[in-house]
Novice: 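Following this message is one structure expressed as structure tokens.
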Amino acid sequence: MKRKIGTVMALIVFLVSVAPVMASAAPLQLRVEVNGERIYFPDEQPYVDKAQRVQVPVRFVSEALNAKVDWTAATKAVTVMLDSDTLTLVLGKEEYDINGEKLQMDTAANRVGGRTFVPLRFVSEGLGASVKWDSASSTVYISTSGFVEDVKKPETDETKDEVYEETIHGFKVKQNTGSELDIWEGSGTGHTALFILSITFSTRGADYGMQIQEVEDILSQKVEAKTVQSVMNYVKTKKKKEPELPLKIFKDDNYEIYIDSSINSSIVVTVFNKNR
């Protein structure tokens, strides 16, 4: 399946669709990627609150998007500023302010372990966030160039199950193979990935062996053989969804390939231009 990264300003994640699925698990094993680069939370992790809203440490994601974050201890207020938009939340208060307009939500920002957490649905709606959520890998993808809807090949009763081929930044990829390999196309400009391949375990009909072979076939077209072998050897160390696969970076003369996987999640293969 293919998803395409496109063009709308993004700030922070709208995860209302995530909360009902993951409400039983806290802390939430959630990944956040900005412009193809994963955001690591050094201490406190995202979680689902009592109102079933996803809360995330505001500073790391905001600063990755070049937004300014201010904390006013006297009033217990956190302010996020991006371009002409300003959003202010007060810890423990369900009222928040967007460009001077008072609005209401069903939860509140709070402090955990010295970090300020914000309810992402309301922050994103207030600042016009655009995101993509991949439930299979528990990953939110954010791009400063934004996102567009998935691009799908026109289907008929005769062709909807046919395998077809397309080219992504010089790499030929096959769609509708039945393996359930997820493919995300990026712009490849700046710090944005060329593409992301997600080897899924939870999707119905997912074929691990086929996905592994497809990833290898795609990378082998333009990445040095020695690097591809190293990548695949590492990827193959995870054969079930339960284990964690720590982040590891592989490089040849032209490409950087990031491999990692959270517990109970897909294996994410992110490909960048080395000279980005």
Side-chain angles (χ1 to χ4, degrees), residues 1-8 10 31 33-38 130-137 139-155 159-200 203 205-232 234-235 247-261 266-276:
M1 292 182 289
K2 178 184 174 184
R3 299 173 172 84
K4 188 165 183 174
I5 303 172
T7 55
V8 177
R31 294 160 42 99
E33 292 193 8
V34 177
N35 292 332
E37 295 185 4
R38 184 174 177 181
S130 179
V131 302
K132 286 287 187 180
W133 166 249
D134 180 14
S135 60
S137 61
T139 302
V140 180
Y141 297 100
I142 310 174
S143 172
T144 53
S145 59
F147 295 87
V148 295
E149 295 301 318
D150 295 355
V151 178
K152 297 181 180 180
K153 182 181 179 182
E155 295 180 348
T159 64
K160 64 181 180 180
D161 294 323
E162 289 182 359
V163 176
Y164 66 94
E165 185 176 88
E166 59 185 338
T167 301
I168 299 177
H169 298 291
F171 291 82
K172 293 181 178 180
V173 300
K174 292 181 179 180
Q175 305 288 352
N176 285 351
T177 65
S179 72
E180 298 302 330
L181 177 71
D182 273 339
I183 304 171
W184 300 71
E185 180 181 355
S187 67
T189 59
H191 293 284
T192 306
L194 294 169
F195 57 87
I196 299 170
L197 308 174
S198 179
I199 300 171
T200 63
T203 305
D207 188 313
Y208 174 82
M210 284 183 66
Q211 292 180 81
I212 289 290
Q213 187 61 56
E214 289 175 10
V215 169
E216 185 170 359
D217 289 345
I218 291 169
L219 297 180
S220 295
Q221 296 171 37
K222 297 176 73 66
V223 180
E224 292 178 359
K226 183 178 179 180
T227 303
V228 174
Q229 182 178 4
S230 297
V231 167
M232 299 313 300
Y234 187 58
V235 167
L247 174 66
K248 195 168 184 178
I249 303 172
F250 301 84
K251 302 178 181 180
D252 69 1
D253 291 339
N254 299 305
Y255 300 99
E256 291 183 356
I257 303 170
Y258 289 54
I259 309 294
D260 68 328
S261 178
S266 301
I267 304 171
V268 180
V269 180
T270 307
V271 180
F272 296 92
N273 268 322
K274 188 173 182 181
N275 298 318
R276 64 186 188 275

Novice: Looking just at side-chain N and O atoms, do Gln211 and Asp207 make a donor-acceptor pair shorter than 3.5 Å?
Specialist: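 Result is no, nothing qualifies.
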
Novice: Can you confirm whether Val173 sits close enough to Glu166 that some side-chain heavy atom of one is under 4.5 Å from a side-chain heavy atom of the other?
Specialist: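 Contact flag for Val173/Glu166 side chains = yes.
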
Novice: From His169 NE2 over to Asn273 CG, what is the distance, rounded to the nearest 0.5 angstrom?
Specialist: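 It comes to 8.0 Å.
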
Novice: Using a 4.5 Å cut-off on heavy atoms from C-beta on, say whether the side chain of Glu216 contacts that of Val228.
Specialist: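 They are in side-chain contact.
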
Novice: Are Ile212 and Met232 packed together at the side-chain level, in the sense that at least one heavy-atom pair is separated by less than 4.5 angstrom?
Specialist: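 They are in contact (side-chain heavy atoms under 4.5 Å apart), so the answer is yes.
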
Novice: Please check if the side chain of Ser198 supplies one atom and the backbone of Asp182 the other of a donor-acceptor pair under 3.5 Å.
Specialist: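 No.
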
Novice: Does any non-hydrogen side-chain atom of Ile168 lie less than 4.5 Å from one of Leu194?
Specialist: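 Sidechains of Ile168 and Leu194: no contact.
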
Novice: Measuring from atom CG of Leu197 to atom OG of Ser266, what distance do you get when rounded to the nearest 0.5 angstrom?
Specialist: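 Here the rounded value is 11.5 Å.
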
Novice: Can you spot which of Val268, Ile259, Val235 makes a side chain to side chain contact (heavy atoms under 4.5 Å, CB included) with Ile199?
Specialist: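 Of the listed residues Val268, Ile259, Val235, the side chain to side chain contact (heavy atoms under 4.5 Å, CB included) partner of Ile199 is Val235.
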
Novice: Taking the six-membered ring of Tyr234 as reference, does the NZ or CZ atom of Lys248 fall below 6.0 Å from its centre and within a 45° cone about the axis?
Specialist: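 Because its charged atom sits under 6.0 Å from the ring centre and within 45° of the axis, Lys248 does stack over Tyr234.
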
Novice: Testing the 3.5 Å rule here: is there a donor-acceptor pair between the side chains of Ser179 and Glu214?
Specialist: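 Looking only at side-chain atoms, Glu214 and Ser179 do form a donor-acceptor pair, the distance falling under 3.5 Å.
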
Novice: Do the side chains of Leu219 and Val271 get nearer than 4.5 Å, heavy atoms only?
Specialist: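 Yes. Closest side-chain heavy atoms under 4.5 Å.
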
Novice: Check Glu256 with Lys251, please: is the shortest side-chain N to carboxylate O separation under 4.0 Å?
Specialist: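 Between Glu256 and Lys251 there is a salt bridge, with a charged N closer than 4.0 Å to a carboxylate O.
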
Novice: Quick check: do Tyr164 and Lys174 have side-chain heavy atoms less than 4.5 Å from each other?
Specialist: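 Result no, sub-4.5 Å side-chain heavy-atom pair not found.
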
Novice: Does the Asp252 side chain pair with the main chain of Thr227, one donor and one acceptor, at a distance under 3.5 Å?
Specialist: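 Not at all, since once roles are kept as given, no pair shorter than 3.5 Å links the two residues.
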
Novice: Side chain of Thr200, backbone of Glu180: donor and acceptor closer than 3.5 Å?
Specialist: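 Present.
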
Novice: Are any non-hydrogen side-chain atoms of Ile218 and Phe195 less than 4.5 angstrom apart?
Specialist: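 In short, these two side chains touch, coming nearer than 4.5 Å.
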
Novice: Does the side chain of Tyr258 reach to within under 4.5 Å of the side chain of Phe272, using non-hydrogen atoms?
Specialist: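 Side chain of Tyr258 against side chain of Phe272, heavy atoms only: contact under 4.5 Å found.
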
Novice: Quick one: CG on Asp260 to OG1 on Thr270, what's the gap to the nearest 0.5 Å?
Specialist: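 That separation rounds to 7.0 Å.
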
Novice: Give a yes or no on whether the backbone of Lys172 and the side-chain of Gln221 come within a donor-acceptor separation of less than 3.5 Å.
Specialist: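 Looks like yes, one N/O pair under 3.5 Å.
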
